[in-house]
Peer 1: 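Quick one: the structure is below, and I'll ask about it shortly.
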Amino acid sequence: MRRRDFMQSLSTFEERLSVWTTNAMRSVFDLADTEVHLGVSPTNNEKFGDYQCNAAMELARALKKAPRQIAQEFVEAAELPDFVEKIEIAGPGFINFFLTNAALSEYVQALESDPHLGVEQVGEGKTVVIDYSSPNVAKPMHIGHIRSTVIGNAIDRLFRFRGFNVIADNHLGDWGTQFGLMLIGFRNFADEAALKEAPVEELERIYVASYNRSKEDETWRDQAKAELVKLQQGDAENRALWEKFIELSIEEFNTIYERLDVHFDLYRGESFYNDRLPGMIQLLEEKGLAKESDGALIVDLEEDGMPICIVRKSDGGFNYATTDLATVEARVEEFSPDRIIYVTDERQQLHFRQFFSISKKLGMEANLVHVWFGLMRLPEATFSTREGNVIKLAALLDEAEARALEMVKKSSPEMSEEQQKDLAKAIGIGAIKYTDLSQNPQSLVTFTWEKALNMEGNSAPYLQYAYARISSVYDKYHVQYPDMELSDHPIHIEQAIERKLAVKLTRFPTAIQSAAENYRPNILADYLYDLAQIYSSFYQNVPFLKAEEGVRESRIRLCRVTAKVLKQGLSLLGIETRERI
RNA sequence: GCAGCCAUAGCUCAAUUGGAUAGAGCACCUGACUACGAAUCAGGAGGUUGCAGGUUCGAUUCCUGCUGGCUGCGCCA
């Protein structure tokens, strides 16, 4: 109901055309309900127009006619919408649609003034909990954490931009058996000076030392276990120490998050849900889902084709499945989310399938989504804290900023040192994020410095450079023509490259929708890179400041919309732009 | 043993989820700065999409089998 006319004009050509072809197909061929997709999709080649409909080929069997004949009949019978210039039949029966330049211009102009750049606010009134990053307390963040953090954050931003009320929750690993080793280790190995200098690094050193000793020292193991039990029973001294571990860790995590421009609404670790664990077990028993086996309490998932899931250990302790179930319960109670999204690496797939299945059996009203990504490994092997072959995340960020600063000093020597540093941060951090976000999350990633810090070709700096060039042109325009009012001059498409740019701009909302619905930020990254490439070609090949009046304004306006889309798109990936680079 | 994921140009990755001639970047070759910013642009070369079948108008995409790699599978998260 709201803003009906406005929404109408900003719904994408793909949507409008799909509605039209679907209705027209149904009426021309008298198809009440058919499985066949009657809508359109974008073409991958301009010579085939802007959108194509493939229904004729799929309908051939049902209608008992040749595909080209179906297409022919359709084209003859249907009355074209006014935004379509022409319609063509090609190949085995593709129906190709060419949009009018006027409709394209009009749409791009509408984008220019829309704060959401044509992106539908489908999330209005809906809450989504996104659980990402979630590092373990007392362990420094290493390069393996970058994916959950950066991919999770991009999904977070995408959902917010579509109008969802997003609750970004950092589900810290702040509970578990490792704290027994931590407590006893801390009392024996802690170095106060080191703890001041680099708290989490020291905590990690303590953990590794304690872990190593536990391997050969049985009494040490027993003591660790005893300390853990004391902690779990609320012993004041152990509790205080444990809280200190968490506090120090969060403080250090936050300096990283600050650098990455990542912000959470909640930092609720696993321990937050401890009180609910006995109740959860009781619920599982009441529903008849849990049973005893070798002293442990398990849920049999054989009917779902999965191995059993332990919900209470034989020593009476709870484990992660139980915590995760309790967490869902708590989130549903408090937020009534439309869905809960978990962003973790691929190793946890089975675990999520198991506890999603159990939560369904429990009748929990939650739409649970596991967004997994490929594990990051080193060329030699996977890394592990215990092995000690890790690259710290902070070191990666330092290196990125240092390399970017070197470039900035060379290319922008006139800038103040402060400006150069600010710029180097935007470029360096952007490069790291873009590397991760520009590929399918689910592909395996082998870490190399060269790749992580890529600043050439398909990279964040390419996009930032395109943005800065536009800003520069735009400013020069206003200096040279201070009295011109851009809105007096409509966008007018003449050259092929202008049309290509305009078409790409109209597809921004589709890119956002697709990236969000598939939980794949790389779809947006791809789109932006494509857009920047088209823009760069436009920039290099047609004059705008030197063009005649009217044409000049039209092109400047195209520039302005491109800049808006680039800036907004990059910001959804968590990548900053600067007017000058 | 069971299960999940992956295999695309020399390298790193795409391919709008079944569409037309499989696209980019890096590296390589040829051109363009007395130009609105060359962190750029115009062009060239580079492919039996791991292998073998199948499904259909049409397969990188779906199914089966195989090869190779990664990951997970009762008391870690």
Side-chain angles (χ1 to χ4, degrees), chain A residues 14 37 41-45 47-48 52 54 56-58 60-61 66-67 90-94 96 134 136 171 173 175-178 270 293-298 305-315 317 319-321 323-324 344-351 353-354 372 374-375 377 382 407-408 410-411 427 435 438-440 442-446 448 450-451 454-459 461-462 464-466 468-474 476-477 480 507 510-511 514 518 522-523 525-527 529-530 533 536-547 552 555-556 559 580-581:
Chain A
E14 185 170 343
H37 178 241
S41 56
T43 57
N44 59 5
N45 189 330
K47 82 176 183 205
F48 299 132
Q52 64 185 52
N54 304 332
M57 291 166 297
E58 292 184 59
R61 177 162 299 185
F94 294 105
N96 296 329
S134 308
N136 286 327
H171 193 69
W175 200 248
T177 48
Q178 78 269 29
E270 292 155 6
S293 171
D294 291 343
L297 198 65
I298 64 161
M306 286 184 280
I308 62 111
C309 180
I310 294 179
V311 291
R312 192 181 62 206
K313 299 185 281 184
S314 51
D315 68 3
N319 63 1
Y320 46 93
T323 307
D324 278 331
T344 82
D345 74 53
E346 59 183 322
R347 287 175 300 186
Q348 299 193 35
Q349 282 179 90
L350 178 60
H351 165 242
R353 277 174 49 218
Q354 286 180 316
W372 60 266
L375 193 59
R377 68 199 69 236
T382 52
M407 288 169 66
V408 170
K410 230 177 270 172
S411 61
I427 292 174
T435 297
S438 61
Q439 65 178 294
N440 191 327
Q442 301 192 343
S443 54
L444 292 173
V445 173
T446 303
T448 62
E450 187 193 10
K451 193 168 39 159
N454 178 32
M455 304 204 188
E456 283 175 347
N458 187 354
S459 68
Y462 178 90
Q464 290 165 322
Y465 177 68
R469 283 214 294 199
I470 301 177
S471 301
S472 178
V473 167
Y474 191 64
K476 284 201 172 103
Y477 173 81
Q480 287 177 30
R507 292 180 182 171
T510 313
S514 178
N518 294 294
N522 74 301
I523 291 171
D526 261 13
Y527 168 85
Y529 179 64
D530 241 26
Q533 271 190 314
S536 296
S537 176
F538 170 60
Y539 177 92
Q540 206 92 9
N541 292 301
V542 303
F544 14 101
L545 287 182
K546 288 173 191 153
R552 183 175 62 218
R555 289 180 180 162
I556 294 291
C559 284
R580 299 285 178 273
I581 78 170

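Below, chains carry the letters A, B, ... as their sequence lines are ordered, and counting in each starts from 1.
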Peer 1: Who is the Watson-Crick or G-U wobble partner of B:rG72, with both distances under 3.5 Å?
Peer 2: B:rC2
Peer 1: So do A:Arg555 and A:Val542 actually touch side chain to side chain, heavy atoms under 4.5 Å?
Peer 2: yes
Peer 1: Between B:rC36 and A:Lys546, is there an OP1 or OP2 to side-chain N/O distance shorter than 4.0 Å?
Peer 2: yes
Peer 1: Can you tell me the distance, in whole Å, between the NE2 atom of A:His351 and the P atom of B:rC73?
Peer 2: 11 Å
Peer 1: Separation of A:Gln354 atom CD from B:rG72 atom C1', in whole Å?
Peer 2: 10 Å
Peer 1: Is the aromatic ring centre of A:Phe48 closer than 5.5 Å to the centre of the six-membered base ring of B:rA20, with the two planes inclined by less than 30°?
Peer 2: yes
Peer 1: Can a side chain N or O of A:Lys313 be found less than 4.0 Å away from OP1 or OP2 on B:rC76?
Peer 2: yes
Peer 1: Answer with yes or no whether A:Glu346 presents, from its side chain, a donor or acceptor under 3.5 Å of a partner atom in the base of B:rU71.
Peer 2: no
Peer 1: Applying the 5.5 Å / 30° rule, does A:Tyr529 stack onto the base of B:rA24?
Peer 2: no
Peer 1: Which part of the nucleic acid, if any, lies within contact of A:Ser443, taking any heavy atom under 4.0 Å across all strands shown: a base, the sugar-phosphate backbone alone, or nothing?
Peer 2: sugar-phosphate
Peer 1: Can you tell me the distance, in whole Å, between the CD atom of A:Gln52 and the P atom of B:rU17?
Peer 2: 10 Å
Peer 1: Can a side-chain donor-acceptor contact be found between A:Ser514 and A:Tyr527 if the only test is distance below 3.5 angstrom?
Peer 2: no
Peer 1: Do we see A:Phe544 stacking on the base of B:rC36, given a limit of 5.5 Å between centres and 30° between planes?
Peer 2: yes
Peer 1: Using O4'-C1'-N9-C4 for purines and O4'-C1'-N1-C2 for pyrimidines, with syn meaning within 90° of 0, is B:rU71 syn or anti?
Peer 2: anti
Peer 1: Considering only B:rC75, B:rC26, B:rA14, which nucleotide approaches the side chain of A:Asp294 most closely?
Peer 2: B:rC75
Peer 1: So what does A:Ala60 hit on the nucleic acid, given a heavy-atom distance under 4.0 Å: a base, only sugar-phosphate, or nothing?
Peer 2: nothing
Peer 1: Which part of the nucleic acid, if any, lies within contact of A:Asp345, taking any heavy atom under 4.0 Å across all strands shown: a base, the sugar-phosphate backbone alone, or nothing?
Peer 2: nothing
Peer 1: When the C1' atoms of B:rU16 and B:rU60 are compared, how many Å lie between them, rounded to an integer?
Peer 2: 14 Å
Peer 1: Base, sugar-phosphate, or nothing for A:Ala466, non-hydrogen atoms under 4.0 angstrom?
Peer 2: nothing
Peer 1: Do A:His351 and A:Asp324 have side chains that approach each other closer than 4.5 Å (heavy atoms only, starting at C-beta)?
Peer 2: yes
Peer 1: Let's see if you can work this out: which of B:rG37, B:rC41, B:rU71 has an atom nearest to the side-chain heavy atoms of A:Ile581?
Peer 2: B:rG37
Peer 1: For A:Pro307 and A:Asn458, find the nucleotide of RNA chain B closest to each by heavy atoms; which residue's nucleotide sits nearer the 5' end?
Peer 2: A:Asn458
Peer 1: Side chains of A:Trp372 and A:Arg347: closer than 4.5 Å at any heavy-atom pair?
Peer 2: no
Peer 1: Phosphate oxygens OP1/OP2 of B:rG74: is one of them under 4.0 Å from a side-chain N or O of A:Arg312?
Peer 2: no
Peer 1: Using atom CD1 of A:Ile310 as one end and atom C1' of B:rC73 as the other, report the distance to the nearest whole Å.
Peer 2: 11 Å
Peer 1: A:Phe544 and A:Phe538: aromatic ring centres closer than 6.0 Å?
Peer 2: yes
Peer 1: Please determine, for B:rG65, whether a Watson-Crick or G-U wobble partner exists with both distances under 3.5 Å, and give it or none.
Peer 2: B:rC51
Peer 1: Check every strand shown and say whether A:Gln533 touches a base, only sugar-phosphate, or nothing at a heavy-atom separation below 4.0 Å.
Peer 2: sugar-phosphate
Peer 1: Could you check whether A:Ser514 gets within reach of a base, just the sugar-phosphate, or nothing at all, counting any heavy atom under 4.0 Å?
Peer 2: nothing
Peer 1: What distance, rounded to whole Å, do you find between the two P atoms, one in B:rU49 and one in B:rC33?
Peer 2: 41 Å
Peer 1: Looking for any heavy atom pair under 4.0 Å, which part of the strands does A:Asn319 touch: base, sugar-phosphate only, or nothing?
Peer 2: sugar-phosphate
Peer 1: Nearest whole angstrom, please: distance from the C1' of B:rA35 to the CZ of A:Phe538.
Peer 2: 16 Å
Peer 1: What does A:Asn44 touch in the nucleic acid at a heavy-atom separation under 4.0 angstrom: a base, only the sugar-phosphate, or nothing?
Peer 2: base
Peer 1: Output the single nucleotide from B:rC41, B:rA39, B:rU16 whose closest atom is nearest the side chain of A:Pro42.
Peer 2: B:rU16
Peer 1: Are A:Ser536 and B:rU40 close enough that a side-chain N or O sits under 4.0 Å from OP1 or OP2?
Peer 2: no
Peer 1: Can you check the A:Ile308 CD1 to B:rC2 C1' distance for me, whole Å?
Peer 2: 14 Å
Peer 1: Between B:rC41, B:rU12, B:rG37, which nucleotide gets closest to the side-chain atoms of A:Asn541?
Peer 2: B:rC41
Peer 1: With distance as the sole criterion, do the side chain of A:Gln349 and the base of B:rA3 form a donor-acceptor contact below 3.5 Å?
Peer 2: no
Peer 1: Less than 3.5 Å between a donor and an acceptor, one on the side chain of A:Asn96 and one on the base of B:rA20, is that the case here?
Peer 2: yes
Peer 1: More 5' along RNA chain B: A:Ser41 or A:Asn454, using each one's nearest nucleotide?
Peer 2: A:Ser41
Peer 1: Name the orientation of the base relative to the sugar in B:rC33: syn if the glycosidic angle is within 90° of 0, else anti.
Peer 2: syn
Peer 1: Tell whether A:Tyr465 reaches the base of B:rA39 with its side chain through a donor-acceptor pair below 3.5 angstrom.
Peer 2: no
Peer 1: Using a 4.0 Å heavy-atom cut-off, does A:Tyr477 contact any base of the nucleic acid, only the sugar-phosphate backbone, or nothing at all?
Peer 2: nothing
Peer 1: What does B:rG25 pair with, Watson-Crick or G-U, if both distances are under 3.5 Å?
Peer 2: B:rC11
Peer 1: Picking from B:rG74, B:rA20, B:rU71, which would you name as closest to the side chain of A:Arg377?
Peer 2: B:rU71
Peer 1: Looking at A:Arg347, does any N or O in its side chain come under 4.0 Å of the phosphate oxygens OP1/OP2 on B:rA77?
Peer 2: no
Peer 1: Remember a base hit wins even if backbone is also touched, and classify A:Glu270 as base, sugar-phosphate or nothing at under 4.0 Å, heavy atoms.
Peer 2: sugar-phosphate
Peer 1: Indicate, with a heavy-atom threshold strictly under 4.0 Å, whether A:Ile427 touches base, sugar-phosphate, or nothing.
Peer 2: base
Peer 1: Does A:Val542 reach a base, just sugar-phosphate, or nothing at all? Heavy atoms under 4.0 Å.
Peer 2: base
Peer 1: Quick check on B:rA39: is either OP1 or OP2 less than 4.0 Å from any side-chain nitrogen or oxygen of A:Lys410?
Peer 2: no
Peer 1: Just the rounded figure in Å: distance from C1' of B:rG19 to CG of A:Asn54.
Peer 2: 5 Å
Peer 1: Counting only side-chain N and O atoms of A:Tyr462, is one of them less than 4.0 Å from OP1 or OP2 of B:rA38?
Peer 2: no
Peer 1: Looking at the side chain of A:Lys476, which of B:rC36, B:rC57, B:rC41 is the nearest nucleotide?
Peer 2: B:rC36
Peer 1: Taking a pair as Watson-Crick or G-U wobble with both distances under 3.5 Å, which nucleotide is matched to B:rA42?
Peer 2: B:rU30
Peer 1: Rounding to an integer number of Å, can you tell me how far A:Tyr527 OH sits from B:rA15 C1'?
Peer 2: 18 Å
Peer 1: Considering only B:rA39, B:rC57, B:rA38, which nucleotide approaches the side chain of A:Met57 most closely?
Peer 2: B:rC57
